[in-house]
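Accompanying notes for the structure given below.
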Amino acid sequence: MKAVRPPLFLTLAAVVVAVAIALPLLYLIIRTAGIGGEELWKLISRPRNIMVFFNSAAMAATVTLFSTLIAVPLAFLTVRTDLPGRRFWLVATTLPLAVPSYVGSFALIATLAPRGSFLQLLLQPLGVEELPSIYGFPGTVLAITLFTYPYMLLSVRSGLQGIDPALEEAARSLGYGSRETFFRVVLPQLKPSMIAGGLLVALYALRDFGTPSLMRFDSFTRAIFLQYKTSFNRNSAAALSLMLVILVLLILWLEYRMRSRAAYYSRGSASLRPPKIMKLGIWKWPAFGFCLGITSLGIVLPVGITLFWLIRGLNGGYTFPNLLPTVLNSIGAAGLAALATTIFALPVAILAVRFPNKITAIIERCSYIGFGVPGIVVALSLVFFGANYLPALYQTLPMLIFAYLVLFLPQSVGTVRSSLLQVNPQLEESARSLGRNAWQTLREVTLPLVQPGVLSGAVLVFLTAIKELPATILLAPIGFSTLAMQIWQATENVDFADAAAASLAMLLVSMGSTLLVLSQENVKEEKVISKAPVSRRV
Amino acid sequence: MKTLPLMKVAAGSVALMLGWGIGVAVDAQTKTLVIYSGREEKLIGPLIERAKKDLNKDIQVRYGDTAELAIALLEEGKNSRADLFFAQDAGALGTLEKKQLTLPIASQLLNKVDTRFRSAKGHWLGISGRARVIDYNTKLVKQSELPSSISQLTQPKWRGKVGWAPTNGSFQSFVTAMRVLEGDAKTLQWLKAMKANGVKDYGKNSAIVEAVGRGEVHLGLVNNYYLYRFKKDDPNFPVAHHYTSKDAGAMINVAGVAITKTTDQKADVEALINYLLKQSSQNYFAQETNEYPLVKGIPAPSKQVPINKLNPPNVNLTNLDDLPGTLNLLQQAGVL
């Protein structure tokens, strides 16, 4: 393949992205420069800070491991097997992502706390006075894993859908059993999507503050928040955030080194014939139980507890509020975020995969930084630049969408990138040689082929943006209220019924949008099936 | 290859959302009074609505977390759009005053509030008071066993049974008050003894009250108004207040306001502050948010011990501005 110059429109979009990424980093450097050298050294060499730094790193690693153990089997079961109710599980296993982690953790504590929780009260007649504590490391790992494994699931699933079934057929015809085919052919093919998903899970675990706070886990984000909350010291907070950025860069570098240069596309015609469905046999019911168990904890439990609060409130005279304007705001903002992020993620991913050089690699890698530091840090950086250098846009909707772009770009970049790796570049080259220009090739060849990744990315961004809090609070137009803000205010205010009403609305919106997008995939799947004998025209 | 149906759906929804976006953007462009509020909409929203009508002034509020809004104000600097900052605690107000981001408030407004509850320099004042209390589980602790001062919480009988929220603003004020009352050495000693006695950390006050209710801890160091909110949903919630006397554990904190330096409507902002100090507004805080009115002569909420029956220590909130010192002490004690 000859090295060609990338088309101009891709380069321009990537420049916008590069600027967006640079802003939070620049802000952190400016603020850190405000501290004297001695004070800075005292801050970063403080044993407690170093200890919690490793606490957080260990927690993120554990969460990533468990997420993989949950997500890979789930992806396989819901895409490739005759699991009873496969279509249902396809959607249901994605839904925990729609639960804001502060709601989910709250529900877990109400259910599993050592004393006075639902489980303990249930077991009390049996003489159980106190359950083992879920607080600290175990509870934090449990909660974050349950509500973030779908990052990995969505990513792996779109990877699985992009594998050319011919590969597996070839493996089988050469004498591999189904187990060998899975471990030697399918799993290696999934590596890019597993890594992309794992990266998102790990970074989410590193940046989250709500769950560690509720679970009483001493995380590094707590050290950052302390500087804000207890002494309003934005400089020290920035210095600590930079430590986190360094950890994130280290993870990104490791990931970069782990990436193999192997080709993940097949040489054939990229026909998306339906893959062979695996018969589960007696494993059908354990598999069913696995899906049931995960979704019970990840979605049924939070929804159940939320409903309990709501019904208790309604019995006590609470009237269901009119949430429609808030719901529309949430859908609008998260929808625009998904759209903008996808538009800017595509060029970044395409450049990184098709025109690999130092600069495109750096842009693609660095897009993860905004997702690796606490949201409040990114939000404050945009407050700083917005208020002082872009007052016309400050605290307007475009500014908010830009914030979401900075925060959530990697979710889309990662999934698009791993889909793109599965597309044979010769397809695009033939389109060009047949007279299509770069734009037409993108629209007619590349986009349709990476559609699973694009869709997964958009769903991820939508579901995460709808839960976003600090940037929304500081950068939304004044008076602009979202469901996430209402849930947060209600929990601050110990208003269970109010929190429940807004949480349920958010869960419904998230489920609705997930269903909508996944049903698109199903339509596609059926179309492909109906055309099965004929391979797709390209 | 034909275009995907998804493309059409996407194009349609893009057009729809962009239209909506422009609508939102055009919506908010008149001269208004802007409040940055660390207090929740549910609590002060109705009062602001009344003020809008009574003062015939358009008021808009950005609701958020007190500390985060305070930092945002620092970042915005000269270009802030806020006219008034309504904070949950005096620490945030004092910080803005120190960073010279506030204007002095007219003395006839300041004088309505006891000197203990406002800045000596006159840049902020308390609007409503909240008492520090010990909440206890009524099923697990008998009234006769309750500690008479917070210093007793380091006794072995409370081992592993007390909850606190060391990152919380009002807890910080409480520790600062203890430093002012008893000195750094004694405070450090108390913090270390509490830690050694297995005190449990929570993220915020409401989580402590919840944990006391479940029986996870027996006592919790909190603010007075959370309990009523739990009781509203669950009248049998097994938690009650206990007041100590004259020590930092009985101090009174405030939620209060400061005028930002960037305002171009100082007269209107002061009219609003005046409105918040009126009898009807002060009664609103007493009845709706279960806080203490700070303007003299207005009675406390009916369910609570009246403010003049409380025995708060003699500390002036304006002297509680050494937040870095408190953070340092808490870190030295290994609490944070």
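Computed from heavy atoms alone, side chains included, the values below leave out hydrogens, waters and symmetry copies. Numbered from 1 within each chain, the chains take letters A, B, ... in sequence-line order.
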Notebook entry, point to check: Salt bridge or not for Arg81(B) and Glu76(B), using N-O below 4.0 Å?
Noted result: no
Margin query: Quick check on Leu140(B) against chain A: is it the side chain, the backbone, both or neither that has a heavy atom closer than 4.5 Å?
Written below: side chain
Checklist line | Region of Lys232(B) in contact with chain A, defined by heavy-atom distances below 4.5 Å | finding: side chain
Next item on the list: Output the option from Gly332(A), Ala223(A), Ser213(A) having the highest count of non-hydrogen pairs under 4.5 Å with chain B.
Entry: Gly332(A)
Checklist line | Contacting region of Ala92(B) [heavy-atom separation from chain A under 4.5 Å] | finding: both
Checklist line | Charged N-O contact under 4.0 Å between Glu39(A) and Lys42(A) | finding: no
Margin query: A cation-pi test, strictly: NZ or CZ of Arg216(A) under 6.0 Å from the centre of the six-membered ring of Tyr202(B) and no more than 45 degrees from its axis. Yes or no?
Written below: yes
Item checked: Which atoms of Leu330(B) approach chain A - backbone, side chain, both or neither, heavy atom under 4.5 Å -> neither
Item checked: Among Met215(A), Gln395(A), Gln486(A), Glu492(A), residue most engaged with chain B (heavy-atom pairs, under 4.5 Å) -> Gln395(A)
Next item on the list: Would you mind checking which part of Asp498(A) comes under 4.5 Å of any heavy atom in chain B, side chain (CB onward), backbone (N, CA, C, O), both or neither?
Entry: side chain
Next item on the list: Heavy-atom distances under 4.5 Å only: say whether Glu210(B) touches chain A with side chain, backbone, both or neither.
Entry: side chain
Check: With a 6.0 Å cut-off on ring centres, are Trp309(A) and Phe106(A) close enough?
Finding: yes
Item checked: Proximity breakdown for Ile343(A) and chain B, heavy-atom pairs closer than 4.5 Å -> neither
Item checked: chain B interface, residue from Ile473(A), Leu121(A), Val383(A), Thr230(A) that has the most non-hydrogen pairs under 4.5 Å -> Thr230(A)
Note to self: Please identify, among Gln331(B), Lys204(B), Lys78(B), the residue contributing the most non-hydrogen atom pairs under 4.5 Å to chain A.
What the structure shows: Gln331(B)
Check: Will you find, in the side chains of Asp58(B) and Thr32(B), an N or O donor that is under 3.5 Å from an N or O acceptor?
Finding: no
Item checked: Portion of Tyr63(B) that has a non-hydrogen atom of chain A nearer than 4.5 angstrom -> both
Next item on the list: With a 4.5 angstrom heavy-atom cut-off, could you sort out which part of Ile331(A) is near chain B: side chain, backbone, both or neither?
Entry: backbone
Next item on the list: Identify which of Asp233(B), Thr326(B), Asp234(B) forms the greatest number of heavy-atom pairs closer than 4.5 Å to chain A.
Entry: Asp233(B)
Next item on the list: Using non-hydrogen atoms and a 4.5 Å limit, figure out which bit of Phe385(A) sits close to chain B: side chain, backbone, both or neither.
Entry: neither
Item checked: Residue Gln172(B) versus chain A: region with a heavy atom under 4.5 Å -> side chain
Margin query: Has Lys192(B) got a side-chain atom pairing as donor or acceptor with Gly334(B)'s backbone, closer than 3.5 angstrom?
Written below: no
Next item on the list: Without swapping roles, check the side chain of Thr167(B) against the backbone of Leu226(A) for a donor-acceptor pair under 3.5 Å.
Entry: no
Notebook entry, point to check: Which is it for Phe225(A) and Glu68(B) under the side-chain contact (heavy atoms from CB on, under 4.5 Å) test, yes or no, and what are the steps along the way?
Noted result: CA-CA 10 Å; Phe225(A) 270 75; Glu68(B) 290 174 11; 3.7 Å; yes
Note to self: I'd like to know which of Ala476(A), Ala379(A), Ser381(A), Ala237(A) tops the heavy-atom pair count under 4.5 Å against chain B.
What the structure shows: Ala476(A)
Check: Distance-only, no hydrogens or angles: does the Asn137(B) side chain make a donor-acceptor pair with backbone N or O of His218(B) under 3.5 Å?
Finding: no
Item checked: Residues Ser170(B) and Asn253(B): side-chain donor-acceptor under 3.5 angstrom -> no
Margin query: Looking at Glu40(B) and Lys42(B), is there a salt bridge between them, counting it only when a charged N and a carboxylate O are closer than 4.0 Å?
Written below: no
Notebook entry, point to check: Among Asp89(B), Leu323(B), Ile71(B), Asp65(B), which residue forms the greatest number of heavy-atom pairs with chain A at distances under 4.5 Å?
Noted result: Ile71(B)
Next item on the list: Examine whether an atom of Trp488(A) lies under 4.5 Å from a heavy atom of chain B, and if so say whether it belongs to the side chain, the backbone or both; otherwise answer neither.
Entry: side chain
Check: Based on non-hydrogen pairs under 4.5 Å, which of Lys229(A), Glu130(A), Met485(A) is most in contact with chain B?
Finding: Lys229(A)
Margin query: Is Ala70(B) in contact with chain A via its backbone, its side chain, both, or neither, using a 4.5 Å heavy-atom distance?
Written below: side chain
Margin query: Counting C-beta onward and ignoring hydrogens, is there a side-chain heavy-atom pair between Leu33(B) and Leu84(B) closer than 4.5 Å?
Written below: no
Check: Which answer fits Leu474(A), side chain, backbone, both or neither, if we ask what part of it has an atom under 4.5 Å from a heavy atom of chain B?
Finding: both
Notebook entry, point to check: Do you know which of Arg46(A), Arg312(A), Arg31(A) has the most heavy-atom pairs with chain B at a distance under 4.5 angstrom?
Noted result: Arg46(A)
Margin query: Need one label for Gln227(A): side chain, backbone, both or neither, based on atoms under 4.5 Å from any heavy atom in chain B.
Written below: side chain
Next item on the list: Show your reasoning for whether side-chain contact (heavy atoms from CB on, under 4.5 Å) applies to Arg115(A) and Leu131(A).
Entry: CA-CA 7 Å; Arg115(A) 282 187 60 105; Leu131(A) 298 172; over 6 Å; no
Checklist line | Donor + acceptor pair across side chains of Ser128(B), Glu291(B) (<3.5 Å) | finding: yes
